[in-house]
Amino acid sequence: MTSAPDLTVVQVPVSDPRVRPLLRELGDEYSTRYGKDAHAELARYPDEEFTARYGGVLLLLLEGGEPVAGGAFRRYDTGTAELKRIWTHSAHRRRGLARRVVAELEREALARGYRRVYLTTGPRQPEARGLYLATGYTPLFDTHADPETIGPLPFEKHLPHTTRTTAATGKAATP
């Protein structure tokens, strides 16, 4: 599993044309696994929830200027970011790009003062479940139970508590 060294991380609004492959492929993937109404999951949250103004972000990994992976978070509560829309382009899987997206989202969440990350994934997405377990997320469900009997599979991860200085005061602040 290798990752290309020339990846660029960009923050974009949902309306950016480079987000279209992410939305299209996620919609197709959800529909294949959960039925044709699964496209509604992508419309569940208003686009503005994935903007800095509302405590969120949408990131893309670009390779040669083209989107190869991406993901987002939204404010879940004052101390928690909720990961959403984690995606790797179908032509670029098995390269560790999803891990990179998750790490970039965690870094950004920490920089914005979040202390915890929360997410859910569907019971028919074993690769997503594996990704979150492999990247240090704690399952908030019985991992021995049949995922189909649980519904959405919740995970959490507490972000490292670090001291940093605020730009405004130059004094130590905690996220």
Under 3.5 Å donor-acceptor, R112 side chain and G56 backbone: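 Indeed, once roles are kept as given, a pair shorter than 3.5 Å links the two residues.
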Donor-acceptor contact below 3.5 Å, side chain R124 vs main chain R33: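 Yes; judged by distance alone, with no hydrogens or angles, the pair exists.
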Hey, could you give me the [atom1]/[atom2] distance between [X] and [Y], rounded to the nearest 0.5 Å?
{"X": "W87", "Y": "R93", "atom1": "CH2", "atom2": "CZ", "result": "9.0 Å"}
{"X": "R75", "Y": "T78", "atom1": "CZ", "atom2": "OG1", "result": "7.5 Å"}
{"X": "F141", "Y": "T149", "atom1": "CZ", "atom2": "OG1", "result": "10.5 Å"}
{"X": "T120", "Y": "L83", "atom1": "OG1", "atom2": "CG", "result": "10.0 Å"}

Identify, with sequence neighbours excluded, every residue that meets salt bridge (Lys or Arg N to Asp or Glu O under 4.0 Å) alongside [X].
{"X": "E104", "result": "R100, R107"}
{"X": "E25", "result": "none"}
{"X": "D47", "result": "none"}
{"X": "R20", "result": "none"}

Intermediate values then yes/no, side chain to side chain contact (heavy atoms under 4.5 Å, CB included), L119 and I86: CA-CA 10 Å; L119 65 95; I86 307 301; over 6 Å; no
Should [X] and [Y] count as side-chain neighbours, where that means a heavy-atom distance under 4.5 Å?
{"X": "L58", "Y": "Q11", "value": "no"}
{"X": "V102", "Y": "Y137", "value": "yes"}
{"X": "V10", "Y": "L62", "value": "yes"}
{"X": "T88", "Y": "V68", "value": "no"}
{"X": "V9", "Y": "L60", "value": "no"}
{"X": "R115", "Y": "L159", "value": "no"}
{"X": "F155", "Y": "L140", "value": "no"}
{"X": "P67", "Y": "L22", "value": "no"}

Short N-O contact, E63 and R18, less than 4.0 angstrom: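 Salt bridge absent between E63 and R18.
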Path from L131 to I150 over hydrophobic side-chain contacts below 4.5 Å: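 Yes, L131 and I150 fall within the same hydrophobic cluster.
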What closest approach, in Å, do [X] and [Y] show between heavy atoms, and which atom pair accounts for it?
{"X": "R99", "Y": "A134", "result": "NH2-CB, 3.2 Å"}
{"X": "T121", "Y": "A128", "result": "OG1-CB, 3.3 Å"}
{"X": "G151", "Y": "P123", "result": "O-CD, 3.5 Å"}

Y76 atom OH, neighbour heavy-atom count above 12 within 6.0 Å: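 Open: at most 12 neighbouring heavy atoms sit under 6.0 Å from OH of Y76.
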All side chain to side chain donor-acceptor pair (under 3.5 Å) counterparts of R74, not counting sequence neighbours: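 Here the qualifying residues are E49, E82.
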Stepwise side chain to side chain contact (heavy atoms under 4.5 Å, CB included) test for L61 and V101: CA-CA 7 Å; L61 295 184; V101 167; 3.7 Å; yes
Partner of Q125 under side-chain hydrogen bond (donor to acceptor under 3.5 Å, both in side chains), chosen from Y30, Y34, Y132: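 That would be Y34; it is the only one of Y30, Y34, Y132 passing the side-chain hydrogen bond (donor to acceptor under 3.5 Å, both in side chains) with Q125.
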Side chain to side chain donor-acceptor pair (under 3.5 Å) contacts touching residues 50-62 (sequence neighbours left out):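 Residue pairs passing side chain to side chain donor-acceptor pair (under 3.5 Å), neighbours aside: none found.
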L105/K84 under side chain to side chain contact (heavy atoms under 4.5 Å, CB included): CA gap, chis, key distance, verdict: CA-CA 10 Å; L105 288 168; K84 304 297 289 177; over 6 Å; no
Polar contact flag, side-chain donor to acceptor under 3.5 angstrom, D77-T80: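 Indeed, the side chains of D77 and T80 share at least one donor-acceptor pair under 3.5 Å.
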Whether Y114 and F73 hold their rings parallel, tilted or perpendicular, with breakpoints at 30° and 60°: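 Rings of Y114 and F73: perpendicular, as their planes differ by over 60°.
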Step-by-step side chain to side chain contact (heavy atoms under 4.5 Å, CB included) determination, L26 to L23: CA-CA 5 Å; L26 283 178; L23 297 174; 5.5 Å; no
